[in-house]
Amino acid sequence: MASAVSSLSRSSGSAVRPLATRDATWVRYTLTAVALGFLALFLLLPLVAVFAEALRRGLGAYITALKDPDGLHALKLTLITAALAVPANLVFGVAAAWCIAKFTFPGKSVLITLIDLPFAVSPVISGLIYVLIFGAQGWYGQYLNAEAPWFPALQAWLIEQDFKIIFAVPGIVLATVFVTFPFVARELIPLMQQQGNDEEYAAITLGANGWQTFWNVTLPNIKWGLFYGVILCNARAMGEFGAVSVVSGHIRGETNTLPLHVEILYNEYQFVGAFAAASVLALLALVTLVLKSLVEWAHARRTA
Amino acid sequence: MKSSRILTRLAASVLALALTGSAFAKSVELLNVSYDPTRELYVEYNAAFAKYWKAKTGDDVVVKQSHGGAAKQARSVIDGLQADVVTLALSYDIDEISEKAKLFPADWQKRLPYNSAPYTSTIVFVVRKGNPKGIKDWSDIVKPGVSVITPNPKTSGGARWNYLAAWAYALEKNGGSEEAAKKFVADLYKNVPVLDSGARGSTTTFVQRGIGDVFLSWENEAFLALKEFGADKFEIITPSLSILAEPPVTVVDKNAKKKGSTEVAKAYLEYLYSPEGQEIAGRNFYRPNVPEAKAKFAGQFVNVKLITIDEVFGGWQKAQKTHFADGGFFDQIYLKK
């Protein structure tokens, strides 16, 4: 912040600047100190605390805690969930943003509202929706138990496969997809709207088909926004607690994701284990943030 | 040429034999859906059972666990969580599974000895060292200025035992007057700053976050907290009267049948009544229910007058309807607050 102010004073060039455009020194330093202090207190300190607690009984205990098979399984499940949810939302987000930004059609505003829905409802409610639909007492359960179902072959197949949705991995992925739905689309819509349709029109006039237009014109334009949306989406997918907690069933070594595993260990008085798992989650988040910064840095260099 | 062919055949049959041999040692998986404070108990018990089962049948058994507030756990099983066995905090929650999802018969509680409760517990008070508020009995915790920690009776089984124990005490002190009991319990909940959803959440609130003067707790949970955090920080106070809490267990017939695990699921619960199962329960501060083990662990527990849910409240079905159903006594006193 101080540097921004000083660069402003340099760029103004002249030797004497009107007093009215300058903040008093103490104001500048106070504001900077408040901002940095806030950051340190609410962001840095908890992060340090997580690692400090995890390492409190030494590196050996930390590594033993990390090797816990239930914890490793939770890590695996978290990564699988993100690996399924993020591409799904990538495809959906691009498609939705493309529709909304480049075309007009009836029901467009309804679609925009629907995309925002996961932001508006509490994650716990999102989880409950899936329990109500796919639970044993919900539509899916009723279908499996129906005497005369719509597609008897499908019912027989589902029963034979013992295909479970909630309290199993598919439910966790579904809940995560729902909660992280808006990230990519929300990132792209304003960008695409701002860019307008001119370049696409030009491409089509020059004889490009729809796919060529998208691949060679639209995608390069939205590349950076898309990256950013995917990274945010990934961060949330790995960290989601509420919705996943409702549909998971909390079976250790089977349907516990990393955030749920942290809570379980904490409640079992295994504080080193809990903070070790939390530190893994924090590391995943840090990797995501570093990726994000790299993307921003590369983007800034290209546009500069 | 010919001899090499024979050799190949021999090798193939040996291989086949080895394969069938390994197929005999099955690996079975059980899912035990339990309530909050039994985490440590079942970690120890599952390992013991796996050893016992391996020795008896040669099969490997892996028991997976899910823990949470008893009512919430029952709800999950109703919604399709594939539990082979449920080991919950009270019989009403298991009744609910039978009634709503029809996964096992309504008379499930008669299938195992002692009302299907291999171990029992009761409700005690945990206070901070030196008992600064001088808490001795139920009448002390309704006094103004005493902060009481107990979970939410809507979601937690332990919380319902807490509530009913307080109610039973008030009934006895006031010659059976329901009005007086209602006022007593209402005063008690006025002193509760936060309702966690499960017993373990409340323990964390009291022990870790340092909120509250007295914590109404499962006896086993109280002992465990003292063991984990040191007896120099907390004290257990046993009130003059408490309730006999029977956390029952049952096989979820339909789930087990579907998974083909009925036999091992039954054995899993029956082994809880064996000397080793009872020993593990006692070591984890549950009161064993089989007489020999009960006698062995008698010294560990304070002898307190325990009323039962059947004699004071006419059974869980009735107690649930009167006290905890929507619009029941608990809603009336808690919403008025």
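Order of the sequence lines sets the chain letters (A, B, ...), proteins ahead of strands, with each chain counted from 1.
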At a heavy-atom separation under 4.5 Å, does A/Ile251 approach chain B through its side chain, its backbone, both, or neither?
both

With a 4.5 angstrom heavy-atom cut-off, could you sort out which part of A/Leu132 is near chain B: side chain, backbone, both or neither?
neither

Which donor-acceptor pairs sit under 3.5 Å apart between chain B and chain A?
unit_1	atom_1	unit_2	atom_2	d
B/Arg39	NH1	A/Glu268	OE2	3.4
B/Lys64	NZ	A/Gly253	O	3.4
B/Lys64	NZ	A/Glu254	OE1	3.4
B/Gln65	O	A/Arg252	N	3.1
B/Ser66	OG	A/Gly249	O	2.6
B/Ile78	O	A/Gln137	NE2	3.0
B/Asp79	O	A/Ala136	N	2.6
B/Arg200	NH1	A/Asn267	O	2.7
B/Gln208	NE2	A/Tyr266	OH	3.3

Heavy-atom distance under 4.5 Å to chain A: side chain of B/Ile78, backbone, both or neither?
both

